[in-house]
Each structure stands twice: as C-alpha cells, then as structure tokens.
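For reference, the structure discussed in these notes is given below.
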Amino acid sequence: MSGYLETPTGRRIAFHRSNGRGPGVVFLGGFKSDMTGTKALWLDNWARERGRAFLRFDYSGHGDSSGTFEEGCIGDWFADACHVITALTDGPQVLVGSSMGGWIALLVARAMPQRVAGLVTIAAAPDFTEQGFWSGFTDAQRRTLMTAGRIELPSEYAGQPYVITRRLIEDGRDHLVMTQPLPLPFPVRMLQGTADADVPVDWAMRLLDHADGQDIRLTLVKGEDHRFSSPPCLSLIGQSIDDVLA
C-alpha cells in the first residue's frame, strides 16, 4: 500500500506499507536519500517473504514527500518519523536506521521507547551536523554559514551539492544524543563498514560506549563503505533483524 500522510504541521509524507505480522519493521533512510534506495527495497522484499509488516517513507523534503530539502532539519524529520510510526504502525516496531536514519531512530527510541521492539543501525550518524559538518568547517566556512545562512558542499552521492543551512546546524544542537544519557532498553545491533569515509568507525565505537542497554552489539565489516549495500551486507542487515526479534 502506497499513500500519503499529512502531519499536524501540514507536511505531506509519502510512504509504502506492507501488511504482515508484528513486530513490524520500519526503515529510516539517510540524509537526502529516499524510500526507493537499495536497502529500503531489499528490506521490503525481505519482509514480504517472511510475512512481516514493513514500512518505509520519505521525510519531508525527500523523495515524493512535500517540502524542500534545504528548508528541513533534524527536528522536522524526527517529527515526521514519530508521526508516521504512530499513525501507520501498531505496537512495538524494529527500527532500521541508515546513516542519518540511525540518529533519527535513536531520537524516536528516546522519545517513545514503548513503541520500539529493537533497533538496527547501519553506519549510524548521530549528531553528524555537529561532530561532522560544524566541527569540520573552516573558520571561513562557519562565517559564511552564519552570515549567508547556507553553504554548499560537494556530494559524491548526487549530481548537485549538499546545501547545509544555519537552521540545520542550530536545530541539530537541540537534538543531540551523544551529550546526554541514551537508554536503549531493547536489543540493538549496530553495523558499520571499516572503509566508510563518511561515518568513521570511531563514531560507532563511541556510540557503543555511550548507549546504555543490556543487549547492544556492534559488528564491523572490513572493507565495506558507507553504502553498506553489497549482497553480504544486505544479508547481514536481515540477520540482524532476525537476531533482534529472536
């Protein structure tokens, strides 16, 4: 079932939902990605083969959802995820968060843990607006961002540059998860490629150390990059969900 869901703030969110048994699986995509990516479609098929409920969606400003990417921020996309999960799923869900989606999944888990049966992160990028963008900017780039309100960065994943806005950076500081307690009282499986040029292995190690839970495991895959979409990696994602659900 494909459709659109309107949020309380008037954003129109595109989604695709497959019915099945619970706990369902919800895929949360990355920065400037959409629900037609390799991992999202692979998981959709994986869930169908097992008769498990599955939901994928586009944040506002992404894919087929309303809004402009440059006008969005972490708080908007977090709110989109919360509304979609609340409105379109029943009971606890396994959240599968890729890159920025890992940060969004952690925010959802912190805000409504009763709706989370487990968590699988793929190259999770918590607090990346601060520990990635802002900390990596030169003084000149920071001045440009603060005065002009935006800065453009080259992207190897799209033909157009990433536009980073002052709002994205400032709003990100209101949603940091690495600077305060992060209880994760459910099974968590973190996946990370050692050749990831966008999310350093050190980020995964620090998240593992920072999160508080009784069943949290990190798997490092030698030589895999940020896409984490090779057949062995996709199989590992499925195995990790099975492990969480066991």
Does anything in residues 127-139 pair up under salt bridge (Lys or Arg N to Asp or Glu O under 4.0 Å), and if so which pairs, sequence neighbours excluded?
E130-R173
Residues N45 and E49: side-chain donor-acceptor under 3.5 angstrom
yes
Should we count CD of Q180 as having more than 12 external heavy atoms under 6.0 Å?
yes
Does any N or O in the side chain of D171 come within less than 3.5 Å of the main-chain N or O of I74, such that one atom is a donor and the other an acceptor?
yes
Among R56, K39, R50, R17, exactly one meets salt bridge (charged side-chain N to carboxylate O under 4.0 Å, His left out) together with D44. Which residue is that?
R56
For the atom pair CG (L43) and CG (L55), what is the distance rounded to the nearest 0.5 Å?
12.0 Å
N/O donor-acceptor pair under 3.5 Å between Q192 side chain and W203 backbone:
no
Examine the side chains of E224 and S230 and answer whether a donor and an acceptor come within less than 3.5 Å of each other.
yes
Should the pair F31 and Y162 be assigned to parallel (<30°), tilted (30 to 60°) or perpendicular (>60°) ring geometry?
perpendicular
Evaluate the side-chain proximity of L145 to I169: yes if any heavy-atom separation is below 4.5 Å, no if none is.
yes
Could you check whether any side-chain N or O of D225 sits under 3.5 Å from a backbone N or O of A195, counting only pairs where one atom can act as donor and the other as acceptor?
no
Could you tell me how the ring of W103 sits relative to the ring of F128: parallel (under 30°), tilted (30 to 60°) or perpendicular (over 60°)?
perpendicular
T165 and R150: side chain donor to acceptor below 3.5 Å
no
Could you tell me whether the side chains of H83 and T7 share a donor-acceptor contact shorter than 3.5 Å?
no
I'd like to check S240 versus L191 (side-chain heavy atoms, cut-off strictly below 4.5 Å). Are they in contact?
yes
Donor-acceptor pair, side chain of Q141 and main chain of T138, under 3.5 angstrom
yes
Would you say that R217 contacts V188 through its side chain, given a criterion of any heavy-atom pair below 4.5 Å between the two side chains?
no
If we only count heavy atoms from C-beta on, is the D34 to Y59 side-chain gap below 4.5 Å?
no
Can R12 be said to sit on top of Y4's aromatic six-ring, NZ or CZ under 6.0 Å from centre and within 45° of the ring axis?
yes
4.5 Å side-chain heavy-atom contact, I241 and V96:
yes
Measuring from atom CD1 of I237 to atom OG1 of T219, what distance do you get when rounded to the nearest 0.5 angstrom?
11.5 Å
Counting only heavy atoms not in M112, do more than 12 sit closer than 6.0 Å to its CE atom?
yes
Scanning both residues in full, the closest heavy-atom pair of L168 with C73 reads CD1-CA, 3.9 Å
Polar contact flag, side-chain donor to acceptor under 3.5 angstrom, H62-S33
no
Anything under 30° is parallel, anything over 60° is perpendicular, the rest tilted; go ahead and classify F137 against F133.
parallel
D58 vs F15 side-chain heavy atoms within contact, under 4.5 Å
no
Do L95 and V120 come within less than 4.5 Å of each other through their side chains, counting heavy atoms only?
no
Return yes if some donor-acceptor pair links the side-chain N/O of T68 with the main-chain N/O of G61 below 3.5 Å, else return no.
no
Sequence neighbours excluded, the answer for side-chain hydrogen bond (donor to acceptor under 3.5 Å, both in side chains) partners of S60 is R11, D80
Does the side chain of R189 come within less than 4.5 Å of L119's, by heavy atoms?
no
